[in-house]
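Counting starts at 1 for both ligands and their atoms, following the listed order. Computed from heavy atoms alone, side chains included, the values below leave out hydrogens, waters and symmetry copies.
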Amino acid sequence: MAEPQFRTPKGTHDVLPEDHQYMTYIKKAVRHRARQAGYKRIDPPIFENRAIFERGIGEHTDIVEKELFIVSGKQRTEESESDVQFALRPEITAGICRSYIEHGMHLLPQPVELYAIGQCFRYDRPQKGRYRQFHQVDLELIGLKDPSLDAQLIHVCMNIFADLRIADRLTLQLNNIGNAENRRAFLVALKDFFIGKERHLPELDRKRLQTNPLRLLDSKEEDTRILLKSAPTLDQFIDDDSKQYHATLVEYLDELGVKHTANPSLVRGLDYYGQTVFEFWDSSSGAQNAVGGGGRYDGLIELLGGQPTPGVGVAMGVERMIWHMKQAGVTVPNKDHVDVFVAQLGPDAKKMCLTLIAKLREKGVHTIGALGEASLKSQMRLADKFGAKFTLLLGQMEVKEGKIILRDMAAGKQKSIKFENAVEEVLKLLGSENLDTYTLRDHFDED
Ligand code: HAM
């Protein structure tokens with residue numbers, strides 16, 4: 001076959017029907033667990049004013065420095081026109097916080113619990129589990145601060161992972177990075193420590209020491225890790241309030257039966273965090289491909305122009321969850337199967353089949369057919385390829401006799417029945433529990 005002329009851009013992929021079965025399953029689990037815990041769905045736009053991410057996530061983070069997809073646009077008023085820069089969202093938290101401020105959600109009963117599912121974009125170097133377009137499930141709890149909220153949020157994630165049958169493949173890494181003052185004092189001490197030692201640091205970390213020294217803590221570079229062994233540690237600078245907060249959170253997680261691992265080097269790659277931070281790591285490969293991560297961001301809403309408002313949240317990578325489900329051998333129901341293929345020959349038969357197909361579909365039977373002008377034999381072959389459970393055949397003879405042939409594809413047996421009984425017969429054979437009927441409520445669940 002010739003090479004296709006066009007392919008998906010590097011780092012992106014088509015979500016093919018096979019993967020959509022997993023995606024739908026994940027979305028259902030998330031909706032179910034989120035609703036149980038009082039979260040409501042929100043969908044901020046996929047692009048926002050670039051400054052929201054720069055200010056929120058931090059100018060010297062990898063995400064903002066290297067990974068933003070910038071979209072240029074024009075802002076027009078009656079009098080003037082100016083250039084404006086948007087960015088495709090690299091995450092959903094900053095957009096949700098912007099929305100909280102814009103819609104005056106501080107007037108609602110607090111905490112406001114919101115969740116979102118959707119695409120995010122990071123112009124990262126693509127590799128296994130790391131894409132330029134990917135999907136996140138995001139949960140945010142805004143407007144109230146208490147360790148019981150952090151614990152409940154983490155518990156909701158654990159329930160989602162358990163529903164997807166991947167919980168035992170993941171470990172929860174937990175840390176408290178103190179308040180802004182604690183981190184400032186620590187960073188002064190860390191920078192002092194590295195004076196005269198810079199040349200031992202790999203280039204990337206030498207730069208980080210200047211722009212975002214906290215990230216040195218989770219550096220993967222061997223030389224940096226060796227130096228860090230004798231460097232001051234963040235926990236020496238954490239104040240008593242943060243320590244107490246963390247101790248209570250740990251107590252609550254234990255109460256809820258959530259297993260966790262203390263990880264003093266966990267700092268996360270976004271600047272808006274303070275106090276609680278956590279990540280769900282692949283138990284076998286560690287930090288490289290975290291399935292989810294989050295933490296507390298009590299300063300973010302103020303940074304974006306709102307009143308000081310606490311918040312805690314988490315995001316989980318959908319592609320990484322799917323990968324784990326496949327690794328764990330988890331299969332999900334395939335709802336795209338074909339129940340009935342309707343084969344026909346001749347213009348009269350084709351016309352009759354159209355209404356027959358419509359009636360079957362209305363009753364919840366997955367039906368395809370009456371497709372073209374091919375012979376009955378080749379239509380039968382097609383029915384087989386589509387994996388249809390039953391085939392209904394209407395030839396010229398059957399039209400004359402008011403009959404139709406019903407064939408059980410697996411058993412290879414067929415019988416002639418009255419045309420008017422066809423729908424009823426099929427329903428009986430499939431069983432009412434296998435019919436795909438929907439009420440409006442289910443319909444809302446699908447997208
Ligand atoms: P994050 O750790 O940057 O946190 O991303 C969360 C999850 O998104 C990651 O654990 C990973 O599963 C997935 N992910 C991130 N980048 C990629 C990528 N390039 N390809 C595939 N999957 C990826 C946040 O985004 C924060 N907003 C989480 C949060 C919510 N904090 C508070 N509220």
Side-chain angles (χ1 to χ4, degrees), residues 10-13 15 23 26 30 34 39 42 44 48 52-53 56-58 61-64 66-69 88-100 111-142 149-150 153-154 156-157 160-161 164 166 169-173 175 177 215 218 266-282 285-301 310-325:
K10 196 171 166 199
T12 70
H13 57 273
V15 183
M23 221 172 236
I26 291 173
V30 169
Y39 288 82
I42 184 171
E48 299 257 6
I52 289 174
F53 303 117
I57 298 167
T61 56
D62 284 352
I63 297 180
V64 166
K66 302 188 217 148
E67 298 169 10
L68 280 190
F69 272 93
L88 300 187
R89 62 182 186 195
E91 54 110 56
I92 313 182
T93 312
I96 292 183
C97 289
R98 192 257 322 124
S99 180
Y100 180 93
V112 173
E113 300 179 46
L114 298 166
Y115 78 102
I117 307 174
Q119 282 92 343
C120 294
F121 305 84
R122 294 187 190 180
Y123 197 79
D124 204 352
R125 199 162 52 82
Q127 47 191 289
K128 182 180 155 274
R130 196 169 291 275
Y131 308 108
R132 289 182 173 169
Q133 177 177 332
F134 58 98
H135 294 75
Q136 274 191 351
V137 165
D138 184 278
L139 290 100
E140 309 291 350
L141 245 163
I142 307 175
L149 299 176
D150 306 27
L153 175 79
I154 291 172
V156 170
C157 299
I160 292 171
F161 293 140
L164 303 179
I166 58 172
R169 301 174 59 87
L170 307 175
T171 36
L172 168 62
Q173 306 281 319
N175 194 19
I177 56 171
R215 285 316 302 272
D218 63 5
L266 187 73
V267 290
R268 307 264 304 129
L270 303 95
D271 282 357
Y272 51 59
Y273 293 114
Q275 297 200 318
T276 308
V277 289
F278 58 89
E279 271 177 0
F280 298 98
W281 285 8
D282 178 341
S285 76
Q288 193 57 32
N289 283 326
V291 172
R296 192 152 267 297
Y297 49 85
D298 296 338
L300 177 57
I301 292 193
V312 65
V314 65
M316 294 168 261
V318 174
E319 284 75 7
R320 295 188 189 176
M321 290 194 271
I322 293 178
W323 184 84
H324 274 283
M325 288 170 78

field: Set of ring-ring contact (aromatic ring centres under 6.0 Å, His included) partners for Tyr131, sequence neighbours left out
entry: His13
Asn175 side chain vs Leu266 backbone, donor-acceptor pair below 3.5 Å: yes
task: Would you indicate which of Glu140, Met321, Arg122 comes nearest to atom 3 (O) of ligand 1 when only heavy atoms are counted?
output: Arg122
task: Record the part of Arg320 in heavy-atom contact with ligand 1 below 4.0 Å; permitted values are side chain, backbone, both and neither.
output: side chain
- prompt: Nearest protein heavy atom to atom 31 (N) of ligand 1, by residue and atom, and its distance?
  reply: Tyr273 OH, 2.6 Å
- request: Note the single closest protein heavy atom to atom 27 (N) of ligand 1, along with its residue, its atom name and the distance in Å.
  value: Glu91 OE1, 2.5 Å
- prompt: Short list, please: which atoms of ligand 1 are under 4.0 Å from a heavy atom of Gly294?
  reply: 31 (N)
statement: The closest protein heavy-atom partner of atom 9 (C) of ligand 1 is Ala290 O, 3.8 Å
message: Just checking Phe69 against Tyr123, ring centres under 6.0 Å apart?
response: yes
- request: Check each atom of ligand 1 against the heavy atoms of Gly292 and keep those under 4.0 Å away; list them by number with element.
  value: 10 (O)
message: Just to confirm my output: which protein heavy-atom neighbour is closest to atom 5 (O) of ligand 1, and how far is it?
response: Gln136 NE2, 3.2 Å
task: Determine, step by step, whether Arg296 and Asp298 satisfy the salt bridge (charged side-chain N to carboxylate O under 4.0 Å, His left out) criterion, reporting the C-alpha distance in whole Å, the side-chain angles of both residues, the deciding distance to 0.1 Å, and the verdict.
output: CA-CA 6 Å; Arg296 192 152 267 297; Asp298 296 338; 2.8 Å; yes
query: Ignoring hydrogens and geometry, is there a side-chain-to-backbone donor-acceptor pair from Glu319 to Ile322 under 3.5 Å?
result: no
message: Taking only non-hydrogen atoms of Gly129, do any sit less than 4.0 angstrom from ligand 1?
response: yes
query: Which atom names give the shortest non-hydrogen contact between Leu88 and Leu68, and what distance separates them?
result: O-CD2, 4.4 Å
Among Lys128, Glu67, Arg268, His135, closest by any non-hydrogen atom to atom 1 (P) of ligand 1: Arg268
message: What protein heavy atom lies closest to atom 30 (C) of ligand 1? Include the residue and the distance to one decimal.
response: Thr93 OG1, 2.9 Å
message: Looking at Arg320 and Ala290, would you say the former's side chain and the latter's main chain have a donor-acceptor pair under 3.5 Å?
response: yes
query: Who pairs with Tyr115 by ring-ring contact (aromatic ring centres under 6.0 Å, His included), at least two apart in sequence or on another chain?
result: none
Gln136 side chain to Ile117 backbone, donor-acceptor under 3.5 Å: no
query: If you measure from the Lys or Arg side-chain nitrogens to the Asp or Glu carboxylate oxygens, is any gap between Arg98 and Glu48 under 4.0 Å?
result: yes
- prompt: Touching ligand 1 at all, Arg130? Heavy atoms, strictly under 4.0 Å?
  reply: yes
Minimum-distance protein heavy atom relative to atom 14 (N) of ligand 1: Phe134 CE1, 3.5 Å
- request: Go through the side-chain N and O atoms of Tyr100 and Glu140 and say whether any donor and acceptor fall under 3.5 Å apart.
  value: no
field: For ligand 1, the portion of Asn289 having any non-hydrogen atom under 4.0 Å away
entry: neither
- prompt: Which is closest to atom 26 (C) of ligand 1 in terms of heavy atoms, Tyr297, Trp323, Phe280, Tyr272?
  reply: Tyr272
field: Proximal ligand 1 atoms for Asp138, defined as those under 4.0 Å from one of its heavy atoms
entry: 30 (C)
query: Between Asp150 and Thr276, is any side-chain donor less than 3.5 angstrom from a side-chain acceptor?
result: yes
- prompt: For Leu139, is at least one N or O under 3.5 Å away from an N or O on ligand 1?
  reply: no
message: What protein heavy atom lies closest to atom 13 (C) of ligand 1? Include the residue and the distance to one decimal.
response: Gly317 CA, 3.7 Å
field: Protein heavy-atom partner closest to atom 20 (N) of ligand 1 - residue, atom, separation in Å
entry: Tyr131 N, 2.9 Å
- request: Indicate, as side chain, backbone, both or neither, the part of Val291 found under 4.0 angstrom from ligand 1 when only non-hydrogen atoms are considered.
  value: backbone
